[in-house]
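Structure first, commentary second.
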Amino acid sequence: TGDKFLVSDGGSEGRATLDQLVTLMESSIDAIGGNLTVTGNLTVNGTTTTVNSTTTTVDDPIFTLGGDSAPGSDDNKDRGIEFRYHNGSAAKVGFFGFDDSTSAFTFIPDATNSSEVFSGTVGNFVVGDISVADDMNMVSDSAQITFGTDSEITLSHSHNNGLTLK
């Protein structure tokens, strides 16, 4: 019918099972209505893939970021998750991932993304137990470690005063 592709399964117009290779050559497909199930592999080649879905479920326990093969050189880009949220007064962009410039995992709650390189002030991170396999470095001259729910014990460092246990 004109420039449209019509599939018929023998009575239910518009519904069919295709068991052979189908290549859609049209430069623009406006929409596929209803549900679409792909039972084989799906490859999407393009610069942007957008998924507008309320819930996304992936069975694979590993996400690979940064390409489908090992990079041949350092592109100086960060790798991780950029997320959007609202703090009650303004929309924000956050980042959690590997910072290429510091070679460390980083959390930035109010981040700026400039060509996949994130900047901003690092945020707080709450965890249970922490196991450190090597040295632990506190990079602030006013760094402190507090112990207890009411900070009963504080180990702090001051550039001029050294280490203090309180």
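Excluded from the calculations below are hydrogen atoms, water molecules and symmetry mates; all remaining heavy atoms, backbone and side chain alike, are included.
Residues Phe96 and Phe107 come closest through the heavy atom pair CD1-CB, 3.7 Å. Of all heavy-atom pairs between Ser156 and Gln144, the closest is CB-CB, 3.7 Å. Closest of all the heavy-atom pairs between Asp135 and Val132 is O-CG1, 3.9 Å. Arg84 and Glu82 make their closest contact through NH2-OE1, 4.0 Å (heavy atoms, listed as atom of the first residue, atom of the second, distance). Residues Pro109 and Val122 come closest through the heavy atom pair CD-C, 4.1 Å.
A 4.5 Å side-chain heavy-atom check between Thr121 and Asp110 finds every atom pair outside the cut-off. Considering only heavy atoms from C-beta on, Phe98 comes within 4.5 Å of Ser103 through its side chain.
Residues Val58 and Leu36 are members of separate hydrophobic clusters, defined by side-chain heavy-atom contacts under 4.5 angstrom among Ile, Leu, Val, Met, Phe, Trp and Tyr. Both Ile145 and Ile130 belong to a single network of hydrophobic side chains, linked directly or stepwise wherever heavy atoms of I, L, V, M, F, W or Y lie under 4.5 Å apart. Val127 and Phe147 fall within the same hydrophobic cluster, where Ile, Leu, Val, Met, Phe, Trp and Tyr residues are linked whenever their side-chain heavy atoms come under 4.5 Å apart, directly or through other members.
Thr48 places no side-chain N or O within 3.5 Å of a backbone atom of Gly46 that could act as its donor or acceptor partner. Put simply, the side chain of Asp100 never gets that close to the backbone of Asp78: no donor and acceptor are under 3.5 Å apart.
Within 6.0 Å of atom OH in Tyr85, more than 12 heavy atoms from other residues, nucleotides or ligands are found, so the atom counts as buried in its surroundings. When the shell of 6.0 Å around CG of Asp60 is examined, it contains more than 12 heavy atoms from other residues, nucleotides or ligands.
Between the NZ atom of Lys77 and the OG atom of Ser114 there is a distance of 11.0 Å, given to the nearest 0.5 Å.
Here the rule is side chain to side chain contact (heavy atoms under 4.5 Å, CB included) with Phe118, and of Asp99, Thr112, Ile108 only Ile108 fits it.
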Test side chain to side chain donor-acceptor pair (under 3.5 Å) applied to Ser89 and Asn87, step by step: CA-CA 6 Å; Ser89 54; Asn87 69 358; 3.2 Å; yes

